[in-house]
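Following: one structure in structure tokens, then a few remarks.
Since the model is a prediction, treat every value here as computed from it, not as a measurement.
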Amino acid sequence: MADVQLTNGFCARLNNSENEEDELYNSQPVIQFLSFKRVPPSGGASTVDRYRVIVSDGEHFQQSMLATQLNHLVEEEQVLKHSIAVIEKFTCNLVQGKKLLIILAMRVLKKEAEKIGNPTPLQLRGSSSGPSVEMQAQTPAVQSPAPSTFMNTPNVTNTTAPPAQPARQQTQAGRGGRHAIYPIESLSPYQNHWTIKARVTAKSDIRTWSNQRGEGKLFNVTLMDESGEIRATAFNAAVDEFYDRLQEGKVYLISKAKVNLAKKKFSNLNNEYELTLERSTEVEECPDATDVPTVKFTFVDIAGLQELPKDAICDVIGIVKEVGELSTITSKATNKEIPKRDLTVVDKSRFSVRVTLWGKQAEQYNATDQPVVAFKGAKVGDFQGRSLSVMSSSSIFINPDIPEAHLLRGWYDSIGAEQTYQSHTNTMPSGGGVNFDRAEIRSLHDVKTSDMGLSDRVDTFCSRATIMHIRNENIAYPACPTQGCGKKVLLMGDSWRCEKCDKSYPKPEYRYMISMAVADYSGQAWFSGFNDVGKAIFDISADELMDIKERDDTKFNQMLERAIGSTYNFACRARQDNFNDQTRVRYGISRILPLDYREEASYLANLLLRSEWSR
DNA sequence: CCCCCCCC
């Protein structure tokens with residue numbers, strides 16, 4: 001390869017230019033990498049490790065950060081110490097008075113090279129002889145305050161420096177021209193003068209709120225480019241400004257929006273930040289943009305929904321077999337009436353699922369001819385086994401022009417229309433349809449002192465509790481051995497009769513009917529459970545346990561003893577029971593899960609991380 | 001500044 005020239009003077013220009021020069025920022029300097037250091041997110045905004053690097057222009061060296069989309073170059077060893085690269089896109093942050101080069105895009109010109117020249121640290125204009133911009137490998141002596149931990153602060157002692165200002169502010173505003181397009185992935189609160197070119201992939205209804213802090217209205221859009229996605233929100237006056245202008249599917253140049261930390265627990269998008277559209281935000285449509293990707297789907301088939309946890313976000317494509325009427329429900333939380341419409345959607349997996357549309361999407365849905373429909377970002381629910389809810393951040397595509405849709409259309413029109421489809425109602429474990437959600441674990445004391453299960457409601461809750469006692473009478477009952485029946489059978493002469501099946505059998509199949517006392521830190525309660533619960537506790541069938549009971553009562557009692565002291569996660573249903581003029585609430589187990597300590601620990605670790613984020 | 005996605 002021909003020798004490459006470093007862009008001498010680049011570091012000096014970057015650091016010494018009083019007014020920012022657009023030519024500098026539009027240039028593509030050639031530099032040499034002197035070192036790479038992987039730095040952790042250090043408890044602030046980011047969750048991704050970054051690379052702190054030193055670059056040289058042959059004369060001076062300069063501390064820099066790689067934008068995370070370039071991490072892979074280091075990790076795949078496409079760039080090494082002393083590699084020479086052209087920086088195709090960069091920006092600059094002022095961190096505690098020091099310029100920090102942010103490399104947004106680069107191309108390696110020469111991967112293996114010798115160190116060129118003897119670069120020295122820059123002597124900064126106006127700075128005392130003290131700290132240089134030389135980056136120390138050790139932990140910074142001065143940590144910048146919370147949000148600035150976006151990157152590790154270099155080792156500087158000048159703590160009286162003015163707050164960080166975007167480096168490019170002056171000229172960009174002055175010129176009034178368009179800036180370079182920045183990838184969404186590179187947006188951060190430390191860099192104000194960007195423009196993104198992004199497609200609106202989802203747009204919510206206008207929503208109003210009213211709480212102790214005030215009231216107002218807002219809407220959200222999801223913006224996407226090739227680098228990633230970000231959510232943008234407009235409030236009040238900005239709603240009037242942008243609600244009609246921003247249309248789903250279209251591409252816009254957007255600048256001068258505010259970049260805030262996203263609160264992770266409220267967002268499914270893979271972005272640390274979100275945008276607030278203000279009245280001064282600039283939005284310009286790009287009518288013919290073809291360089292911004294359209295929505296990409298990762299479809300899961302409808303049968304596969306049972307593998308996903310409740311609240312998972314997924315993409316589904318299917319045929320709308322049935323369209324429900326537009327109806328309204330009254331939200332328990334807000335007492336508001338909310339329009340809704342249920343669709344029954346089927347696919348080649350021969351499963352059907354109920355998909356609920358809300359608000360405007362429910363009102364505006366009008367396709368009655370069994371179209372192909374694709375959902376991006378639908379939420380998995382557990383109603384009747386599995387259900388889907390279309391969120392305001394989801395998008396609906398009727399007859400999208402994608403291969404999956406054409407295949408599905410052809411299949412449905414030829415054979416699919418005549419098939420039968422299975423619902424998830426009977427396919428989920430333990431039937432009852434209550435899933436265990438550790439975020440919803442309630443203490444037994446809390447459960448018993450709440451109004452759960454009262455006034456003929458069936459309420460569900462989760463509990464993590466330890467078995468204290470298992471009642472040994474009626475631990476199992478003789479049941480009909482026919483698959484899926486499970487009704488109690490009666491001994492008639494020498495055979496067992498099932499009323500439901502209208503059949504007699506030589507032998508019953510015993511099924512568990514467990515009643516047990518459980519306790520957690522707050523108190524104790526009686527839980528009851530059926531066959532799955534007994535099998536989970538004893539690890540043998542009820543037939544086998546009854547056999548032991550008959551032959552060896554001591555061993556049977558030992559087996560009961562052995563189950564004491566085990567802790568499980570339970571999903572339960574609380575239901576009122578009227579018995580001898582007495583009202584009490586009974587707790588039925590719909591799922592029982594052994595503790596997985598690795599998972600529990602990882603859950604707790606994530607909780608800590610989340611509370612860190614939402615501070 | 002919202003953070004709800006509801007109901008059965």
Side-chain angles (χ1 to χ4, degrees), chain A residues 202-222 230-243 257-269 271-279 281 310-314 324-344 353-365 375-396 423-425 432-435 439-440 456-460 573 575 610-611 613-615:
Chain A
K203 176 175 139 179
S204 74
D205 289 355
I206 296 171
R207 199 171 82 243
T208 58
W209 84 86
S210 172
N211 60 27
Q212 53 279 49
R213 283 190 291 274
E215 53 188 59
K217 60 181 175 180
L218 71 124
F219 77 101
N220 304 296
V221 289
T222 305
I230 194 163
R231 185 167 83 150
T233 306
F235 293 98
N236 302 322
V239 174
D240 302 330
E241 184 73 30
F242 295 117
Y243 187 75
K258 201 167 155 205
V259 184
N260 300 312
L261 258 187
K263 293 198 181 77
K264 272 298 178 183
K265 62 175 172 175
F266 299 133
S267 172
N268 322 306
L269 293 187
N271 202 313
E272 297 302 314
Y273 305 111
E274 55 188 35
L275 300 178
T276 302
L277 306 180
E278 298 171 305
R279 273 204 299 179
T281 296
K310 172 170 150 57
D311 298 333
I313 301 296
C314 66
E325 294 295 311
L326 182 66
S327 62
T328 58
I329 58 114
T330 306
S331 160
K332 278 181 189 164
T334 62
N335 255 345
K336 275 193 207 162
E337 296 233 310
I338 297 145
K340 81 152 207 169
R341 187 193 299 274
D342 289 331
L343 309 179
T344 304
V353 68
R354 198 184 83 172
V355 181
T356 304
L357 315 184
W358 306 97
K360 279 217 167 62
Q361 286 176 317
E363 290 170 348
Q364 289 164 1
Y365 185 92
F375 301 98
K376 173 82 192 165
K379 187 158 115 177
V380 177
D382 59 4
F383 185 69
Q384 290 172 351
R386 277 290 174 267
S387 58
L388 289 172
S389 192
V390 175
M391 319 264 287
S392 65
S393 56
S394 315
S395 340
I396 306 174
S423 82
H424 285 287
T425 313
V434 185
N435 277 317
E440 300 295 326
D456 294 329
R457 282 203 320 270
V458 177
D459 290 309
T460 60
R573 303 159 72 91
R575 195 191 322 239
R610 270 222 297 280
S611 63
W613 279 334
S614 51
R615 256 199 265 129

Ionic contact status for A/Lys217 with A/Asp240, cut-off 4.0 Å = yes
In whole angstrom, what separates A/Ile329's CD1 from B/dC4's P?
-> 15 Å
Does A/Lys360 have a side-chain nitrogen or oxygen under 4.0 Å from the phosphate oxygens OP1 or OP2 of B/dC5?
-> no
Report the distance from atom CG of A/Asn268 to atom P of B/dC4, rounded to the nearest whole Å.
-> 13 Å
Look at the side chain of A/Arg207 and the base of B/dC5, then say whether one donor and one acceptor between them are separated by less than 3.5 Å.
-> no
Can you establish whether the number of heavy atoms outside A/Glu325 located under 6.0 Å from its atom CD is more than 12?
-> no
Could you check how far CG of A/Leu218 sits from C1' of B/dC5, rounded to whole Å?
-> 13 Å
Rounded to whole Å, the CD1-C1' distance (A/Ile206 to B/dC2) equals 14 Å
Please determine, for the side chain of A/Met391, which listed nucleotide (B/dC1, B/dC5, B/dC8) has the closest atom?
-> B/dC5
Do the side chain of A/Thr334 and the base of B/dC4 come within less than 3.5 angstrom through a donor-acceptor pair of N or O atoms?
-> no
The side-chain contact (heavy atoms from CB on, under 4.5 Å) partner of A/Ile396 among A/Val355, A/Leu357, A/Leu343 is A/Leu357
CG (A/Asp382) and NE2 (A/His424) are apart, to the nearest 0.5 Å, by 12.0 Å
Are A/Trp358 and the base of B/dC6 stacked, counting only ring centres nearer than 5.5 Å and planes tilted under 30°?
-> no
Under 4.0 angstrom, heavy atoms only, what part of the nucleic acid is A/Ser389 near: base, sugar-phosphate, or nothing?
-> sugar-phosphate
A/Glu363 atom CD: more than 12 heavy-atom contacts under 6.0 Å = yes
Mind calculating the distance between CZ (A/Arg354) and C1' (B/dC5) to the nearest angstrom?
-> 14 Å
Can you tell me how far C1' of B/dC3 sits from CG of A/Asn271, to the nearest Å?
-> 16 Å
Of the candidate nucleotides B/dC5, B/dC6, B/dC7, which contains the atom at the shortest distance from the side chain of A/Thr356?
-> B/dC7
Whole-Å distance between B/dC2 C1' and A/Lys203 NZ?
-> 18 Å
Where the side chain of A/Thr276 is concerned, which of B/dC4, B/dC5, B/dC1 is the nearest nucleotide?
-> B/dC1
Could you check which of B/dC6, B/dC2, B/dC7 has an atom nearest any side-chain atom of A/Trp209?
-> B/dC2
Any donor-acceptor N/O pair under 3.5 Å between B/dC6 base and A/Glu337 side chain | no
5' priority, DNA chain B, between A/Ser204 and A/Leu277 [closest heavy atom] = A/Leu277
Per the atom types in the model, does the base of B/dC5 pair as donor or acceptor with the side chain of A/Gln361 at under 3.5 Å?
-> no
A/Phe235 side-chain proximity, nearest of B/dC3, B/dC1, B/dC5 = B/dC1
A/Asn335 CG - B/dC5 C1' separation (whole Å) = 17 Å
Name the nucleic acid region contacted by A/Lys332, choosing base, sugar-phosphate or nothing; use a 4.0 angstrom heavy-atom cut-off, strictly under.
-> sugar-phosphate
Of B/dC8, B/dC4, B/dC2, the nucleotide closest to the side chain of A/Arg213 is B/dC2
Salt-bridge criterion met for A/Asp342 and A/Lys340 (N-O under 4.0 Å) | yes
Report which part of the nucleic acid A/Asn211 touches: base, sugar-phosphate, or nothing (heavy-atom distance under 4.0 Å, all strands).
-> sugar-phosphate
